[in-house]
Student: 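One structure follows; several queries about it will come next.
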There are 2 protein chains.
Amino acid sequence: MDIDLSPGLPDLSGFPRSAWWRAERSVLGGAAAAEFAYGDPRGSHTLRQELASWLARVRGVRADPRDIIVVGGVAQSLALVAQTLRAAGTTEIAVEDPGSRGAQDALAHWGLEPVPVPVDEQGLRVAELVRSGLRTALLTPAHQFPTGVVLAPDRRRELLAWANDGGLVIEDDYDAEHRYDRPPVPALQASAPERVVHTGSISKTLAPGMRLGWLIAPRSLQDALVAAKHASDLGSPVLPQLVLARLISHGDLDRHMRLTRGRYRTRRDAFLTALTARLPSVHVQGVAAGLHLLITFPELTGRVDDTDLSESLRGAGVLTHPLSWHRRTPGAPGLVLGYAAHPPDRLREAARRIAETVQSASRARAERKHVPRAVRDYG
Amino acid sequence: MDIDLSPGLPDLSGFPRSAWWRAERSVLGGAAAAEFAYGDPRGSHTLRQELASWLARVRGVRADPRDIIVVGGVAQSLALVAQTLRAAGTTEIAVEDPGSRGAQDALAHWGLEPVPVPVDEQGLRVAELVRSGLRTALLTPAHQFPTGVVLAPDRRRELLAWANDGGLVIEDDYDAEHRYDRPPVPALQASAPERVVHTGSISKTLAPGMRLGWLIAPRSLQDALVAAKHASDLGSPVLPQLVLARLISHGDLDRHMRLTRGRYRTRRDAFLTALTARLPSVHVQGVAAGLHLLITFPELTGRVDDTDLSESLRGAGVLTHPLSWHRRTPGAPGLVLGYAAHPPDRLREAARRIAETVQSASRARAERKHVPRAVRDYG
């Protein structure tokens, strides 16, 4: 069976089915009939109340229930924000490079051209954002996708200064909940609620199939965003909202996150140990948080193409994202590896296959190095 | 307490909570973990299979599971269709007059200008659609909103001829399930699957708060619609989809519809009897099907404004839609009255208040008929 290391998947076999079902029973037993009618396009008031206090506690987010729009995941937030900004005249948006290919495709679909700004080991190079003259930027400050970098304190300050000087940050609070070695940094939104659009979801804490998230925007954008949500689907389905509200209020979500955080830390450690044992020269990033890590091979730059590598790995039964999928500027070949969904022995097996494939690609390349270019390119 | 006769609300107190909960328990107990991952933007394959056969049986719809996109209700279908047609160069769309104000606002939001085409007692005047030169039309053929007319067989044939001659019908299968006196007419889509975009939802059979529906389009439009759905929210939440699939496969949905159809027929009869007894001159339309009826007052044309009437009724604790909200061309004042959510005694009370309010408005108008125009207009 394939080992799917596509990034962004939590441990779906650990989805808290009984807690969900108990909460649903209670919701179906107690909800007023009026809850099942057409509702507020922002979503259930009960859920927005729970989210406001939960997000304040776990992410430092400053929001009233009336500032929250319940959405179908971060993908819908990006759609609504892009529609709204585009309608107001914005045509370009700064994005992280490397950065999520999916997010950039989504922005482009809605008419915002993504303009790459480099990310280094401290996060986005804010000085380059400032120089670009762009006024809007999409970031994953808590755990940058795909490098896993947490935005460094200096960069954070620079970014907030840029925002307070007329910039608008779209904060995709990607994977913020999974910080293993110390408490997560608070959301950027906490420092500048009128200059930051904050969005997150339960895709990484519970399951992406739930399609349930939140969007918290500065007051000046709220009416347009609510209108966009209304025009998109009138609002999100009510039952899962009420269930999530109860999972939050009864502590089930926190309990589940504590449980999975321990499990993911064990998995990360096992995977990391196996990878570095088998590939001593590998460069590993993003281990402090999240559900994936990034490995790069600087010494193979220009010699091995990570798309080919990922393709060979698929042949060996390991599904990965090549780093180049998520990158505009060429660089060292790399692989984005999600580990959260697999127990340690599977991860050790994946590491074995990855090491074999990388070593064999690297050898093949070395052997072919005298082949004439025209032949190599079609090899 | 107010009696809310806003059209489009089923009996929410009759939502089948135990059936839903049993189905959810079974889904949570049996679903593979992979169901909770990011999925096909068209929705759960299990649900699309159930919908394909259920819609074939109850509505005559001809569709493969792969032709179906699960959506967040008809509102989302209209958004996706409008986006797709607009991107392909369509700028105008024929709509029914009277017709749903909400649908027209939604189309306009996405850049399609709604162009009204009159509806008479046989449904849309297709000859006027043909003369308009428009190539796209949104219709509610099974139970026209708000008149309740079922599209007459001749009109249906003319419409299909127009479609086969290059027209595209967007069929909002509004309220098709609630036909009281004989079986519902099959969906238009059954006669021209390559010229009809068909959409429906469980908003009227179960509850609008579920935000769950389907969109079935000609093959030529499917890729663009799936891309639009993907860009909007990546797909609909999976759990309610699996629950609905089970409610269909186990006969719970059919059972619920049989039960509510009987209940709604009783309510309709009680309301109709009370209305005609108290307002002998009232003109009633749309009684053969659906969850609402339309009353008009031809003899009060030009004398009573239905927006004022609806406002007075709000003061008397009865919430209604004035017909003029849903109409572009002036005509007799009228009220759209949803009756499905209320037991007979409440409906009789509503009829009493409606009759009183109409009679009092009519008298007030008669008394004021010699007041000079300038004063009247600000009266």
Side-chain angles (χ1 to χ4, degrees), chain A residues 4 6 8-15 17-18 20-21 24-25 27-29 31-39 44 71-76 78-80 82 102 105-106 108-110 203 206-212 227-228 230-243 341, chain B residues 4 6 8-15 17-18 20-21 24-25 27-29 31-39 44 71-76 78-80 82 102 105-106 108-110 203 206-212 227-228 230-243 341:
Chain A
D4 187 351
S6 303
L9 275 189
D11 182 14
L12 298 174
S13 68
F15 182 82
R17 297 182 185 215
S18 341
W20 188 280
W21 173 69
E24 178 111 19
R25 184 176 53 185
V27 162
L28 282 167
E35 296 270 22
F36 299 143
Y38 293 101
S44 146
V71 293
V74 168
Q76 185 170 53
L78 294 183
L80 301 177
D105 289 349
H109 177 97
W110 296 107
S203 293
L206 288 168
M210 302 292 124
R211 309 306 312 125
L212 192 47
H230 184 265
S232 298
D233 55 20
L234 301 186
S236 290
V238 68
L239 271 181
Q241 293 186 62
L242 295 176
V243 172
Chain B
D4 187 352
S6 304
L9 275 188
D11 182 14
L12 298 173
S13 68
F15 182 82
R17 297 182 185 214
S18 338
W20 188 280
W21 172 68
E24 178 111 18
R25 183 175 56 183
V27 162
L28 281 168
E35 296 270 20
F36 299 144
Y38 293 101
S44 145
V71 293
V74 168
Q76 185 170 53
L78 294 183
L80 301 178
D105 289 349
H109 176 97
W110 297 108
S203 293
L206 288 168
M210 302 291 124
R211 309 306 311 125
L212 192 48
H230 184 265
S232 298
D233 55 20
L234 303 185
S236 290
V238 68
L239 270 181
Q241 292 186 62
L242 295 175
V243 172

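No hydrogens, no waters, no symmetry mates; every other heavy atom, side chains included, goes into these values.
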Student: Shorter than 4.5 Å, heavy atoms on both sides: which option in B:A31, B:P240, B:G73, B:A341 has the most such pairs with chain A?
Tutor: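 The option with the most such pairs is B:A31.
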Student: Between B:A75, B:P237, B:A228, who has the most heavy-atom pairs with chain A when the cutoff is under 4.5 Å?
Tutor: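 Greatest number of close heavy-atom pairs with chain A: B:P237.
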Student: Taking all atoms of both residues into account, what is the closest heavy-atom pair of A:A207 and A:P10, and its distance?
Tutor: CA-CG, 4.4 Å
Student: Where on B:F15 is there a heavy atom nearer than 4.5 Å to chain A: the side chain, the backbone, both, or neither?
Tutor: side chain
Student: With respect to chain B, which residue among A:D105, A:L234, A:V74 yields the maximal number of heavy-atom pairs within a distance under 4.5 Å?
Tutor: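 Greatest number of close heavy-atom pairs with chain B: A:L234.
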Student: Which one wins on heavy-atom pair count under 4.5 Å against chain B: A:G39, A:A82, A:S232?
Tutor: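 Going by pairs under 4.5 Å, I would pick A:S232.
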Student: What are the two closest non-hydrogen atoms of A:E24 and A:L239, and how far apart are they?
Tutor: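 The pair with the smallest heavy-atom distance is OE2-CD1, 3.7 Å.
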Student: Check whether B:W21 forms a cation-pi arrangement with B:R25 (NZ or CZ under 6.0 Å from the six-membered ring centre, at most 45° off the ring normal).
Tutor: yes
Student: Can you find a pair of side-chain heavy atoms, one from B:Y38 and one from A:S6, that are under 4.5 Å apart?
Tutor: no
Student: Based on non-hydrogen pairs under 4.5 Å, which of B:A79, B:A37, B:G72 is most in contact with chain A?
Tutor: B:A37
Student: Locate the shortest heavy-atom distance separating B:D233 from A:Q76; write the atom from each residue and the value.
Tutor: CB-CB, 4.1 Å
Student: Given heavy-atom pairs under 4.5 angstrom as the criterion, report whether the side chain, backbone, both or neither of A:S236 touches chain B.
Tutor: backbone
Student: Looking at A:G235, A:A231, A:G14, A:A34, which makes the most heavy-atom pairs under 4.5 Å with chain B?
Tutor: A:A231
Student: Nearest heavy-atom pair of A:L12 and A:L206: which atoms, and what distance?
Tutor: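 So the two residues come closest at CD2-O, 4.4 Å.
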Student: Over all heavy atoms of both residues, which pair between A:A32 and B:R17 is shortest? Give the atoms and the distance, please.
Tutor: C-NH2, 3.8 Å
Student: Can you tell which part of B:L28 gets under 4.5 Å to a heavy atom of chain A, answering side chain, backbone, both or neither?
Tutor: both
